[in-house]
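What follows is a single structure, written as structure tokens, with notes after it.
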Protein chains: 2
Amino acid sequence: MLKQLQTAIVQGDIAPGAKLNEPELARRFGTSRGPLREAIRGLQARRLVHVTPNAGARVVSLGVEQLGALYETREALEGMAARLAAERMPKADIQALERLLDEHAASIGTDDGAGYYQEEGDYDFHYRIVHGSGNAVLADVLLDDLYQLMRMYRFKFSIGAGRPAQALDEHYRILEAIDGGDGELAELLMRRHIGAARKRLQQDETTLHKIIQEEHS
Amino acid sequence: MLKQLQTAIVQGDIAPGAKLNEPELARRFGTSRGPLREAIRGLQARRLVHVTPNAGARVVSLGVEQLGALYETREALEGMAARLAAERMPKADIQALERLLDEHAASIGTDDGAGYYQEEGDYDFHYRIVHGSGNAVLADVLLDDLYQLMRMYRFKFSIGAGRPAQALDEHYRILEAIDGGDGELAELLMRRHIGAARKRLQQDETTLHKIIQEEHS
DNA sequence: AATCGAGATATTGTCGACAATATTTGTCTT
DNA sequence: AAGACAAATATTGTCGACAATATCTCGATT
């Protein structure tokens, strides 16, 4: 139930800024208002919806600053994840991740493969590094909270688009540093990798503004 | 409602590991099960309770590794907060924080003042730095999520105890770096400040084990 | 005496109904 | 025609009841 609503929001099925109508959503998910309200409270704590007392819940609509803050936070957390992974990630997992990158490399050649890679492939890479850090708190915060927020906006504009080959190359270099046990380098490369996405994002500010306008109509 | 339950848990009114009995808690807070369940879902997303389907919710009970992971994450996030605060914190807020530290210095002399300082004073200092970072995501994650978890265990053992004078001195130095606009130094000092707490924590491992034993009885 | 199983009890999950509050609609006044 | 007020509607907040599941109790069997 919570998961159903969450994916509906994250995939943009329910747009940012949209109001969550409890009776309507309850019908849509084939349940009653009780469980639905519980799900809304969960998503509220995960920062996916904002609730105004006696006036209902709306899907959050991130402004430029907030999206920038999100990436800034990701830099710190995933930089740390990369450093810890270099120290603690099991060799078997590192090798599995290398094979995954090889698959990504292969799929970049194909037309539709590139699309998949940019979305899920990128997610998979970061997901595994965070897990490899062996820090459960870090994994929870990033994967349960922040990633969902980001995915909401990945559908919206070009955050990760247009440079699959370069991104893949950066992934390889990060993994190399991790494999070599060089935590400092892994952290530096990961921060740069995410920082690049942030900079591209802020150049796209005008695009974003348009989207936010649409949301409020 | 959510807040009532949260403070009851954070203050140790309901012990870590304890089961949350819905009818009982509903009576205790003078409400019905509906709102209470919604509150539980919120705390679940905030990682304060763990829910097993069809078997109810329990207050989380952190093991040594998880508490270590919590501090590790705090190092990264608060280090970042200190660096950003050095770049963006308004001068007026910096001066106000300096006055707060002066109050702490005064209260260390008195007997009961030291107690207050160790608990709330420390919290206030970190709280203001995080706010001063101007990063809303960071503030939410730290203040709404992780701090509550930590406070739960501050009541339990000596995480921040026994060195009020030294901690205050470290606070002064961090603030100096922020005031001077030296983000790198501020980050370094903050990481050390929290890292010291983590090391003390892990030395206290035996104490912690005892507490966890008690929780499960 | 210990273990297993069936019944009894308690607890969680879900629903529909009602009360309280917000939002909309329509009317009246200026 | 524009704005303000009031009734009507819709939506959120809360509650108690019932169903489904888990947990406990106690007796029977080995």
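This structure is a prediction, so every number in the text was calculated from the model and none was measured. Per chain, numbering begins at 1; letters A, B, ... match sequence-line order.
B:Arg47 pairs with exactly one of B:Asp145, B:Val60, B:Leu70, B:Leu62 by the side chain to side chain contact (heavy atoms under 4.5 Å, CB included) rule, that one being B:Asp145.
One end of the helix from C:dA1-D:dT30 to C:dT30-D:dA1 points its axis 10° away from the other end's axis, with each axis taken from 5 pairs and the angle rounded to 10°.
Looking at B:Arg151 and B:Glu120, a side-chain N of the basic residue comes within less than 4.0 Å of a carboxylate O on the acidic one, giving a salt bridge. A salt bridge is defined here as a Lys NZ or Arg NE, NH1 or NH2 lying under 4.0 Å from an Asp or Glu carboxylate O, and A:Asp93 with A:Arg128 fails to meet this definition.
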Legend entry - Heavy-atom protein contacts under 4.0 Å, nucleotides 8-15 of chain C, coded B base, S sugar-phosphate only, - none: ---SBBBB
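Closest heavy-atom contact between A:Val51 and A:Ala57: CG2-CB, 3.7 Å.
Between B:His193 and B:His126, the two ring planes are parallel [angle under 30°; tilted spans 30° to 60°]. Ring geometry for A:Phe125 against A:His171 counts as parallel: the plane angle stays under 30°, on a 0 to 90° scale with 60° as the upper cut.
Every side chain to side chain contact (heavy atoms under 4.5 Å, CB included) that A:Glu72 has, sequence neighbours left out, goes to A:Arg198, B:Met80, B:Leu84, B:Arg88, B:Asn135.
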